[in-house]
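Structure, as structure tokens:
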Amino acid sequence: MDFGLTDEQLMMQDAVRALLANEHPPAVVREGLEAETAHDPGLWSMLAGLGLVGLCLPEEHGGSGLELLDAALMAEVAGEGAMPGPLLGHQLGSLAILLGGDHDQRARWLPALASGEAIATIAWAEPGDVWEPDHWSVEVRDGRLSGTKAHVLHGNHADVIVVGGAGSRLFVVSAPGDGVEVTSFDGIDRTRRLDTVVFDDTPVSELPEGVAAAPRVFDAGLVLLAADAFGCAHRLVRETIDYLDEREQFETKLTQFQGIKHELANMVTGLEPTRALWWYAAHALDHIPTAASRVAAMAHAHITDCSMAIARACVDLHGAMGYTWESNVHLWYKRIMFDRAFLGGPDRQRDRAASMGEW
Amino acid sequence: MDFGLTDEQLMMQDAVRALLANEHPPAVVREGLEAETAHDPGLWSMLAGLGLVGLCLPEEHGGSGLELLDAALMAEVAGEGAMPGPLLGHQLGSLAILLGGDHDQRARWLPALASGEAIATIAWAEPGDVWEPDHWSVEVRDGRLSGTKAHVLHGNHADVIVVGGAGSRLFVVSAPGDGVEVTSFDGIDRTRRLDTVVFDDTPVSELPEGVAAAPRVFDAGLVLLAADAFGCAHRLVRETIDYLDEREQFETKLTQFQGIKHELANMVTGLEPTRALWWYAAHALDHIPTAASRVAAMAHAHITDCSMAIARACVDLHGAMGYTWESNVHLWYKRIMFDRAFLGGPDRQRDRAASMGEW
Amino acid sequence: MDLELGTHHVTLRDQVGLFLDEHWPAERRDRHVPDDEIRLFRSLAIEHGYLYRGVPVVYGGSERPIDPIADDVIERAFTEARAPLGIVGQGPDMVVPTLLRNGTEDQRRELIAPTLMGDITWCQGYSEPTAGSDLASLRSRAELDGEDWVIHGHKIWTSDADRADWMFGLFRTEPDAPRHRGITFLLVPMDQPGVEVQTIMAMTGQPEFAEVFLTGARTSVRYQVGERGSGWEVSRDLLVNERNLMGFRLQQLFESVLELARTRKIGGAPAIEHPGIRRTLIDIESDLLSARFSRFRSLTNAARGRSDPNADLAGAVKKLHASTMAKRLTQFGLDLAGADEGLRAPGGASVDLGRANEPGGWAMNYLFAHASAIAGGAPNIQRNIIGERALGLPRDLRTPTGRSVS
Amino acid sequence: MDLELGTHHVTLRDQVGLFLDEHWPAERRDRHVPDDEIRLFRSLAIEHGYLYRGVPVVYGGSERPIDPIADDVIERAFTEARAPLGIVGQGPDMVVPTLLRNGTEDQRRELIAPTLMGDITWCQGYSEPTAGSDLASLRSRAELDGEDWVIHGHKIWTSDADRADWMFGLFRTEPDAPRHRGITFLLVPMDQPGVEVQTIMAMTGQPEFAEVFLTGARTSVRYQVGERGSGWEVSRDLLVNERNLMGFRLQQLFESVLELARTRKIGGAPAIEHPGIRRTLIDIESDLLSARFSRFRSLTNAARGRSDPNADLAGAVKKLHASTMAKRLTQFGLDLAGADEGLRAPGGASVDLGRANEPGGWAMNYLFAHASAIAGGAPNIQRNIIGERALGLPRDLRTPTGRSVS
């Protein structure tokens with residue numbers, strides 16, 4: 001038994017942290033808020049260079065052959081840096097093909113996805129708050145799919161879209177292409193854009209193990225969101241301390257006021273123990289299949305709620321400045337809003353976890 | 001429209017406050033904790049002398065002819081002083097006879113109840129968390145009642161017990177007497193004792209309007225409990241401030257620590273607005289029948305929960321001393337526990353209020 | 001205590017109902033109504049005594065005796081019909097009461113009526129970059145030049161400065177007086193060369209406030225409110241008024257939450273049938289009722305001119321209580337609206353609480369809850385004020401050279 | 001990272017199951033088991049390597065390699081069977097680890113084994129009336145008289161002092177040394193004329209702690225642990241140990257809540273089917289899981305001997321996190337148990353978390369949650385420690401002459 005990170009894992013986190021701090025600090029992230037796209041090909045190839053875009057793909061296909069815990073550790077760092085772009089959808093789409101595809105399908109798509117040459121995403125949600133695989137309604141007839149998918153992560157950048165269909169089936173669509181119409185959605189988090197994708201008689205290729213793969217990828221998504229939110233909240237606490245430490249009121253540092261100190265202490269008392277929760281949830285995805293799904297839902301609900309509460313308190317601690325666009329606070333705040341809502345929201349995950357309990 | 005207290009109401013509160021502070025301060029209340037009974041006949045006759053025991057009974061029967069708001073204002077002061085004894089049950093029992101009895105029954109019982117010569121109580125709850133009138137199960141046959149009633153307020157002091165029976169019917173029993181067996185219950189709040197009363201073929205007299213009266217008396221009970229809890233919490237905040245103001249740590253008054261100041265500020269921010277809520281609920285009992293029952297349930301749930309949270313925080317602010325029997329904190333703390341649980345508890349009242357909403 | 005709708009109020013309610021049936025019929029509820037029609041409606045409502053009831057007729061109000069229950073009857077009826085109430089904002093809510101109390105007759109005649117009709121709009125010049133919670137340390141200064149005050153300074157967090165016709169604000173006029181005594185309350189026209197406005201974008205993506213740079217801006221001494229050096233007292237009344245704005249908005253938000261709970265489904269059934277949701281709704285409603293009747297209590301106390309330490313405490317906690325409720329309510333609404341809404345950018349050109357259930361409405365209200373929490377003193381400042389002024393706790397510790405908080 | 005039950009742990013689980021089937025059969029679960037049978041059972045469990053695994057065999061433990069997952073397997077199996085685990089208390093949890101780390105061979109041989117079997121019981125002499133959170137300001141003093149320390153002083157909030165055979169505590173031995181350096185850790189026999197115990201009644205109605213008056217109490221220098229003046233360091237290890245006690249108790253409490261939720265009815269259906277209750281249960285369980293795996297994280301870090309600021313932060317918040325959970329959990333349990341229980345006096349001769357569902361059990365746990373929150377530094381002290389030591393915030397403001405908090 002060992003419940004800690006390896007030196008390699010810590011070094012990998014530090015490498016990505018350094019990359020983001022040097023090449024894509026918040027000031028650069030902010031420029032992307034206004035831009036038409038939050039995808040920066042330069043950043044993407046740097047991430048690919050670090051082996052991040054194919055992190056969980058097998059080495060035989062050019063991936064790094066690592067575990068979901070490693071992906072979650074990267075999500076934490078991505079949250080800390082409010083890292084923009086299509087990584088989340090790419091990871092989940094790639095994972096779906098890995099877990100659901102047959103030998104030929106993997107061989108066809110995974111190498112380009114592992115190298116970052118192609119970008120994947122998932123088109124799973126449907127309008128009207130449809131998220132879970134067993135709720136999907138889009139039908140495929142004669143190898144062709146028609147229907148509308150909502151909240152597709154960077155749908156406009158995807159070369160490979162893994163679409164969820166009725167009966168939890170998974171289909172792969174090449175994009176852009178005929179019968180794939182992408183419209184952008186005005187989302188809360190400008191660092192990870194969402195699109196609505198309308199498929200119209202689009203040719204698809206079914207992933208034969210898709211029905212088994214879909215819930216596992218869904219669980220992976222929950223854990224990556226939780227880790228991202230954790231990273232955001234952790235950074236926000238630090239940013240808030242730094243901001244308050246620089247400011248004086250009545251000739252006294254704001255961090256010296258005990259009211260502020262206690263509020264910060266309460267924040268980390270809620271947050272820091274949850275690091276072990278998402279570590280465990282991520283580890284369970286690869287190693288404890290009987291517990292994985294339930295604990296993924298728990299980790300998501302608990303951590304995104306905790307992070308959101310911290311974000312709200314951090315805004316207030318910044319005073320009026322915290323409410324401005326000019327402050328960086330809203331980068332992480334809105335990113336947590338995204339992490340919290342994506343895949344259905346905390347209460348829905350709690351209901352799911354409860355239904356999976358041995359009660 | 002006028003939403004304030006009259007000079008008479010304020011004077012009455014001050015009179016009772018002074019009485020308790022002078023004649024029955026916490027030190028005296030504490031002596032009663034250990035005693036076999038929490039009923040102090042001396043205190044009772046002083047309360048009777050102030051017109052308190054017949055506050056809401058008509059003047060024609062020797063009462064003060066006041067409203068439930070006045071009774072609630074007295075409950076607030078009783079809470080502040082952790083006043084021991086059978087007043088709550090007495091008020092509710094008297095009210096039940098007033099509202100449910102016919103002319104003869106009122107004439108028979110009310111004068112002695114108004115003067116305090118006789119003490120009333122209600123025997124409504126039944127074992128197994130049965131509280132609401134429409135859940136009562138005890139049956140009366142040929143004018144005789146048999147069955148067990150739980151949580152009877154000072155059942156051993158009552159001369160008149162108003163018993164709730166199946167179909168929300170109300171019956172009056174004279175006590176003590178044959179077929180009335182009282183055993184004491186080891187309750188959380190030693191200032192208001194509870195008994196279990198077993199009736200065995202006991203002769204009863206039915207209150208003809210009991211079915212209509214029972215829910216109104218139940219609502220009155222909720223409001224009196226809420227006002228009592230409010231008084232307890234209000235006093236606890238004051239006691240805590242006084243205690244902290246006397247103590248120094250690191251050569252600094254504890255009240256100067258901003259962490260403590262902010263915690264106290266949060267307490268009163270939750271509490272003080274609810275004063276208007278129980279005022280309104282009490283007023284509604286007499287004047288706004290359409291709203292009364294729902295707002296009584298809301299006031300009880302909201303205020304007893306708020307008060308309980310304050311009590312818990314006040315213990316911690318006192319440090320180890322707050323956890324001792326020697327400190328007075330637990331007087332109010334446990335009294336709030338009582339106020340909160342009696343008649344079923346906050347969540348149950350919320351469920352009731354929700355079912356009465358125009359949703 | 002008397003809350004019952006007596007004959008008088010029942011009659012009023014019926015009259016308001018008839019008035020609304022005639023002038024704001026049901027088909028108007030969900031459609032865009034042009035500004036001139038709204039204007040006409042408001043004039044009629046003032047004529048009938050339904051709006052601006054505390055303002056004398058001569059200044060454009062409808063001048064009715066203080067009667068919070070009547071106010072309540074009217075507000076409820078208008079809200080149910082989604083009819084426009086009086087204009088909400090710093091002009092009617094803050095400037096008008098101040099002028100009624102401290103203004104000259106000329107100021108009242110010139111400014112109140114157009115403010116009430118929305119023809120003159122206002123912004124507030126209190127905060128400065130170096131004086132946030134601590135108004136007494138204001139640096140913007142005004143100097144007398146003949147019949148004009150000439151102003152140099154820098155105001156920040158000024159809502160609506162880019163649209164406002166006038167600023168009301170505090171300026172240091174007596175540099176040698178003690179800090180609180182050297183401030184004067186002035187009204188300053190915004191459309192002049194010495195006033196430069198630079199909007200500040202809020203996290204909602206809207207330019208919700210601005211910085212205002214005053215470089216030789218002028219205003220006539222006719223627009224000085226109250227005595228020289230009395231600005232602190234004049235503005236204290238204002239802050240009290242500002243804190244009255246929240247309650248009604250929260251009530252509207254709660255109506256939106258209820259509407260949402262009726263329509264949203266959880267596990268196939270309407271959310272309003274979900275036992276956990278029901279308990280939360282009841283608790284939120286209890287909090288709102290507490291705030292509502294606390295307001296009645298304050299109004300009654302004010303009408304009686306009586307002082308009462310508990311009532312003062314209730315006044316002191318009002319803002320923190322309201323902002324705490326606002327956060328809880330918007331969180332609940334956002335969650336109830338579902339993930340589709342949780343992922344959506346804040347919607348609408350501005351915050352409109354009555355339209356919370358339109359796309360992006362909950363996100364907008366969710367973010368905006370911070371603005372209302374921070375405006376007029378962030379939560380921690382409120383806690384200090386409550387602790388020190390209302391609970392009588394000793395002042396905060398200070399650095400050896402520092403001054404104390406609040 | 002490796003949490004899987006490998007072959008080794010699966011085998012262990014099966015062995016523990018067989019052991020329990022044989023020595024703690026199902027019929028024992030709900031009945032009173034005499035002390036001597038429990039004693040026998042514990043001896044057997046030690047022999048099998050299931051209890052006191054960190055203690056060498058020579059001192060009465062079962063001496064197994066550090067293996068938290070094995071600990072967990074054993075604890076879970078024992079708990080499910082309601083079999084007695086090791087004795088919980090200040091002796092096994094605080095004195096034994098201290099002696100293992102800082103004690104002399106003689107001290108270990110004499111004191112550890114009887115402590116583990118409950119033959120010697122301990123109380124803690126840290127707090128004093130004038131030194132609560134601030135241990136460095138202790139006044140109780142010990143002076144050397146030949147081979148004995150002679151002690152004068154006054155300890156307070158001492159749990160179990162009336163029953164304990166020994167006190168372990170901190171005493172000022174070097175009055176001239178700097179405050180932290182002048183303290184020595186001593187073990188003092190309680191049964192002697194110089195020791196007078198006066199119990200303090202807790203709000204539970206139980207004498208949960210006591211004051212101890214030391215007037216010329218003696219203890220041999222053989223019972224000094226660590227160097228003279230090193231008491232501060234020796235006791236810091238102890239505080240870390242104290243903070244490890246809560247997690248497992250909370251897990252037991254949660255099992256009781258689940259049991260209760262299965263049996264209690266709300267509106268005719270089991271509470272566990274109530275959607276609101278379910279959400280709360282999941283959230284509480286998530287919190288407990290966080291604490292549990294944080295503990296695994298700490299143990300792993302300790303085993304690796306590696307320092308990590310985030311892990312230090314996790315350690316610093318553990319106690320406040322646990323006491324916050326304890327309050328939430330006991331509130332939830334008390335409410336779920338219904339008003340009949342909410343009105344009942346705290347029950348049982350002492351806190352027994354496994355019996356929370358017996359009459360008065362929830363009230364007892366509800367009140368006791370405060371004891372665990374306050375012991376070792378009330379919540380606000382914890383917040384200061386977290387803020388200053390773990391987050392690196394500057395020290396509190398102080399009065400001009402005062403020293404800073406924590």
Side-chain angles (χ1 to χ4, degrees), chain A residues 1-6 9-10 67 69 234 237-238 241 244-245 252-253 255-258 260-284 287-288 294-295 297-299 301-303 305-306 346-347 349-355 357 359, chain D residues 1-4 6 9 67-70 72 258 261-262 272-273 275 278-283 285-287 289-297 299-301 303-304 306 308 310-311 313-314 316-318 320-321 324 379-380 382-388 390-397 405:
Chain A
M1 133 89 197
D2 176 274
F3 197 71
L5 305 183
T6 62
Q9 286 168 327
L10 293 171
E67 303 197 342
L69 175 59
H234 193 260
V237 172
R238 274 284 147 211
I241 291 173
L244 296 174
D245 221 34
T252 302
K253 272 191 179 189
T255 40
Q256 278 186 283
F257 286 106
Q258 204 193 41
I260 286 173
K261 188 182 291 181
H262 284 194
E263 209 168 332
L264 290 165
N266 284 340
M267 288 180 195
V268 293
T269 299
L271 184 66
E272 187 55 38
T274 70
R275 187 194 296 271
L277 182 61
W278 65 259
W279 281 9
Y280 171 57
H283 179 74
H287 297 284
I288 316 177
R294 182 161 184 267
V295 77
M298 290 168 79
H302 193 69
I303 293 169
D305 265 352
C306 176
D347 280 336
Q349 304 312 337
R350 281 191 192 94
D351 291 344
R352 291 181 64 243
S355 71
W359 293 352
Chain D
M1 193 169 287
D2 179 12
L3 280 176
E4 212 170 339
H9 288 125
D67 183 349
I69 198 84
D72 194 59
L258 275 184
R262 283 186 210 103
I272 204 150
E273 292 172 14
R278 290 165 77 80
R279 288 181 177 177
T280 307
L281 280 171
I282 284 292
D283 202 52
E285 190 181 345
S286 304
D287 232 354
L289 270 183
S290 301
R292 178 159 173 249
F293 285 97
S294 283
R295 187 172 147 255
F296 284 7
R297 180 179 162 213
L299 290 169
T300 300
N301 255 38
R304 293 181 181 178
R306 180 186 282 167
D308 165 0
N310 285 327
L313 181 54
V317 305
K318 188 156 58 179
L320 184 58
H321 185 239
T324 306
N380 275 344
Q382 296 296 326
R383 291 183 186 106
N384 261 44
I385 293 173
I386 295 164
E388 295 173 12
L391 293 178
L393 303 177
R395 299 206 146 206
D396 273 355
L397 295 172
V405 170

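The model shown is predicted, which means the values in this text are computed figures rather than measured ones. Below, read A as the first sequence line, B as the second, and so on, with proteins coming before strands; counting in each chain starts at 1.
Residue D/L258 touches chain A through its side chain alone, counting heavy-atom pairs closer than 4.5 Å. Contacts between A/W279 and chain D at a heavy-atom distance below 4.5 Å involve backbone atoms as well as side-chain atoms. Contact annotation for A/D305: neither backbone nor side-chain heavy atoms come within less than 4.5 Å of a heavy atom of chain D. Heavy atoms of D/D308 lying under 4.5 Å from chain A are absent altogether. Contact annotation for D/L313: both backbone and side-chain heavy atoms come within less than 4.5 Å of a heavy atom of chain A. The contact between D/E285 and chain A is made by backbone and side chain atoms together, counting heavy-atom distances below 4.5 Å. Contacts between A/A301 and chain D at a heavy-atom distance below 4.5 Å are absent for every atom of the residue.
The shortest distance between side-chain heavy atoms of D/R278 and A/D351 does not fall below 4.5 Å. No side-chain heavy atom of A/R352 sits under 4.5 Å from any side-chain heavy atom of D/I282. Two residues are said to be in side-chain contact when any heavy atoms from C-beta on lie closer than 4.5 Å; A/I303 and A/M298 fail this criterion. Within the 4.5 Å cutoff, the side chain of D/L289 has no heavy atoms near those of the A/H302 side chain. Taking the side chain as every heavy atom from C-beta outward, D/I386 and A/L264 never approach each other to under 4.5 Å. Two residues are said to be in side-chain contact when any heavy atoms from C-beta on lie closer than 4.5 Å; D/L281 and D/I272 meet this criterion.
Taking A/L10, A/T255, A/T269, A/L277 one by one and counting their heavy-atom pairs under 4.5 Å with chain D, the maximum is reached by A/T269. With chain D as the partner, the residue from A/D347, A/I241, A/N266 showing the most heavy-atom pairs under 4.5 Å is A/D347. Your options are A/L69, A/D245, A/T6, A/L5, and the one with the most heavy-atom pairs under 4.5 Å with chain D is A/L5. Contact tally against chain A (heavy-atom pairs below 4.5 Å) for D/T280, D/D287, D/L393, D/N310: the top residue is D/N310. With chain D as the partner, the residue from A/H234, A/E272, A/R294 showing the most heavy-atom pairs under 4.5 Å is A/E272. Between chain D and the residues A/T274, A/V268, A/V295, the largest count of heavy-atom pairs under 4.5 Å involves A/V268.
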Step by step, would you call D/R383 with D/N380 a side-chain contact (heavy atoms from CB on, under 4.5 Å)? CA-CA 5 Å; D/R383 291 183 186 106; D/N380 275 344; 2.7 Å; yes
side-chain contact (heavy atoms from CB on, under 4.5 Å) between D/M1 and A/H287, worked out: CA-CA 10 Å; D/M1 193 169 287; A/H287 297 284; over 6 Å; no
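Listed by chain and number, the residues in a ring pair (Phe, Tyr, Trp, His ring centres under 6.0 Å) with D/F293 are A/F3, A/Y280, D/F296 (sequence neighbours excluded).
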